[in-house]
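Below is one structure; the comments refer to it alone.
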Number of protein chains: 2
Amino acid sequence: MEILEQKHIALLTEADRRGDGATANLRLCFEVIALAAAIDRDCAARLAPHNLSEGKFVLLFLLHQMADGLSPHELADRAGVTRATVTGLLDGLERDVFVTRQQSKDDRRKVLVRLSPKGQDAARELFDTHTRWIASLFAGFDESDRQALSALLQRAWRNTDGRRKAMQPKAESEITQ
Amino acid sequence: MEILEQKHIALLTEADRRGDGATANLRLCFEVIALAAAIDRDCAARLAPHNLSEGKFVLLFLLHQMADGLSPHELADRAGVTRATVTGLLDGLERDVFVTRQQSKDDRRKVLVRLSPKGQDAARELFDTHTRWIASLFAGFDESDRQALSALLQRAWRNTDGRRKAMQPKAESEITQ
DNA sequence: GACATATAATTAGTCGCCATACTATATGCC
DNA sequence: GGCATATAGTATGGCGACTAATTATATGTC
């Protein structure tokens with residue numbers, strides 16, 4: 001049984017053939033990506049029966065903490081996606097009656113999103129199920145395992161472009177986004 | 001600087017508040033996912049200037065190894081996506097003249113996909129650039145680091161649903177997909 | 001008070017992925 | 001030989017993400 005996917009194996013085989021020496025690092029990278037992809041697939045498969053996706057689940061969860069409701073803008077910020085994406089997710093959630101949209105009184109540009117009773121139930125139940133499942137993936141890891149894995153992941157992460165870019169934003173004269 | 005994303009932090013905060021004890025495992029899972037997502041983003045950002053996506057890059061690379069061309073079906077199998085997805089990717093690659101489609105003579109249902117000269121160049125150059133970049137993410141890892149990380153990832157992977165399902169397909173009387 | 005600017009949400013268009021359904025062609029069996 | 005079935009490729013439509021543009025509303029300044 002192999003954690004890697006078809007495409008990774010093809011890439012590795014070719015890299016090996018060329019003998020460029022970095023094959024071991026390539027494999028490692030693909031293992032990280034393949035594990036994450038496997039977890040994402042599991043997550044999607046577990047949420048699908050409820051008519052939910054990962055993105056929708058995050059919104060549900062965010063709203064659950066905020067009894068007063070949140071605006072799409074706030075949801076976007078907290079979920080880390082664009083407002084346009086939130087609009088799309090809310091369309092689905094509203095259609096399936098997990099959520100209601102209601103115009104704000106003090107600022108008529110704003111919309112207030114609240115959980116419906118169905119949404120409340122789903123959020124409460126799924127949050128538990130979900131966190132228990134995720135935790136179970138790492139069942140059997142003790143504190144030293146966790147620290148070892150975390151440290152190794154951090155070391156790789158320090159080499160990503162995205163993190164580099166996030167490091168010196170002060171030097172820029174203009175923030176593009 | 002934090003490897004985790006907004007949504008992960010929100011989830012963790014709530015789990016912590018509830019004190020369900022599994023927070024450390026949750027965080028670990030999110031770290032894996034966040035690193036993989038960061039790598040995927042970098043990958044997309046590096047390929048975008050060439051008008052390529054990760055999916056298209058894989059096809060380019062697969063074709064590069066096969067001078068005689070491949071059918072969409074074979075491409076789908078080796079890339080690990082559906083034939084329909086391959087059709088879409090090929091549409092884009094053909095539009096940008098990375099690739100040509102040509103009907104097979106011996107089996108008129110079949111199509112033979114080949115790299116154009118532009119595709120050849122792109123594949124050769126990008127394969128090198130790309131593998132060097134990926135390897136550089138794990139620069140500084142020695143063999144024991146690699147084995148440690150790999151072993152930890154494998155342990156988590158053994159707990160995924162997808163892997164479980166792949167383990168006993170013999171017992172089923174019918175293969176649903 | 002009016003106009004420039006900022007902000008909120010949505011719409012429209014693109015992309016990559018999927019599942020499903022269709023068309024054309026091969027193949028196997030009676 | 002002819003019909004059922006399998007296979008190859010594509011079309012269609014959905015989802016979730018993005019950017020850019022649009023519309024409505026606030027706000028700040030002269």
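Reminder, nothing fancy here: chain letters follow the sequence lines and each chain counts from 1.
Protein atom CG of B:Leu70 is 13 Å distant from nucleotide atom P of D:dA8, rounded to whole Å. The distance from atom CZ of B:Phe57 to atom P of C:dG16 is 15 Å, rounded to the nearest whole Å. Taking atom CG on A:Leu47 and atom P on D:dG16, their separation rounds to 11 Å, with Å as the unit. One atom, CG of A:Leu75, and another, P of C:dA8, lie 13 Å apart when rounded to the nearest Å. Rounded to an integer number of Å, the gap from A:Glu54 CD to C:dC17 P is 17 Å. Protein atom CG of B:Asp106 is 9 Å distant from nucleotide atom P of C:dT27, rounded to whole Å. A:Lys105 has its NZ atom 18 Å from the C1' atom of D:dT25, to the nearest Å. Between the P atom of D:dG9 and the CD atom of B:Glu94 lies a distance of 13 Å, rounded to the nearest Å.
For the pair A:Leu89 and A:Gln103, nearest-nucleotide mapping onto DNA chain D gives the more 5' position to A:Leu89. Across the interface with DNA chain D, nearest-nucleotide mapping of A:Asp107 and A:Ser53 shows A:Ser53 to be the residue nearer the 5′ end.
The phosphate of D:dG16 has neither OP1 nor OP2 within less than 4.0 Å of any side-chain N or O from A:Thr85. Between C:dC18 and B:Thr82, a contact under 4.0 Å exists linking OP1 or OP2 to a side-chain N or O.
The minimum heavy-atom distance linking A:Glu31 with B:Ser150 is given by the pair OE1-OG, 2.7 Å. The shortest heavy-atom contact between A:Ile3 and B:Leu153 is CD1-O, 4.4 Å. Of all non-hydrogen atoms in A:Phe141 and B:Leu152, the two that sit nearest each other are CZ-O, 3.5 Å.
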Would you give me the side-chain donor-acceptor pairs under 3.5 Å for residues 49-68 of chain B, sequence neighbours excluded?
{"unit_1": "B:Ser53", "atom_1": "OG", "unit_2": "B:Lys56", "atom_2": "N", "d": "3.3"}

If you look only at distance, which donor and acceptor atoms sit under 3.5 Å apart when one is on a side chain in residues 69-79 of chain B and the other is two or more places apart or in another chain?
{"unit_1": "B:Ser71", "atom_1": "OG", "unit_2": "B:Glu74", "atom_2": "N", "d": "3.2"}
{"unit_1": "B:Ser71", "atom_1": "OG", "unit_2": "B:Glu74", "atom_2": "OE1", "d": "3.2"}
{"unit_1": "B:His73", "atom_1": "NE2", "unit_2": "B:Asp77", "atom_2": "OD2", "d": "3.3"}
{"unit_1": "B:Glu74", "atom_1": "OE1", "unit_2": "B:Ser71", "atom_2": "N", "d": "2.9"}

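Counting only distance, with no hydrogens or angles, the side chain of B:Asp107 and the backbone of B:Arg109 share a donor-acceptor pair below 3.5 Å.
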Do any N or O atoms of the protein come closer than 3.5 Å to N or O atoms of nucleotides 9-13 of chain C, and which pairs are they?
{"unit_1": "C:dA9", "atom_1": "OP1", "unit_2": "A:Val111", "atom_2": "N", "d": "3.0"}
{"unit_1": "C:dA9", "atom_1": "OP1", "unit_2": "A:Val111", "atom_2": "O", "d": "3.4"}
{"unit_1": "C:dA9", "atom_1": "OP2", "unit_2": "A:His73", "atom_2": "N", "d": "2.8"}
{"unit_1": "C:dT10", "atom_1": "OP1", "unit_2": "A:Arg101", "atom_2": "NH1", "d": "2.9"}
{"unit_1": "C:dT10", "atom_1": "OP2", "unit_2": "A:Thr87", "atom_2": "OG1", "d": "3.2"}
{"unit_1": "C:dT10", "atom_1": "OP2", "unit_2": "A:Arg101", "atom_2": "NH1", "d": "3.2"}

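The pair A:Asp145-B:Arg155 counts as a salt bridge, with a side-chain nitrogen and a carboxylate oxygen less than 4.0 angstrom apart.
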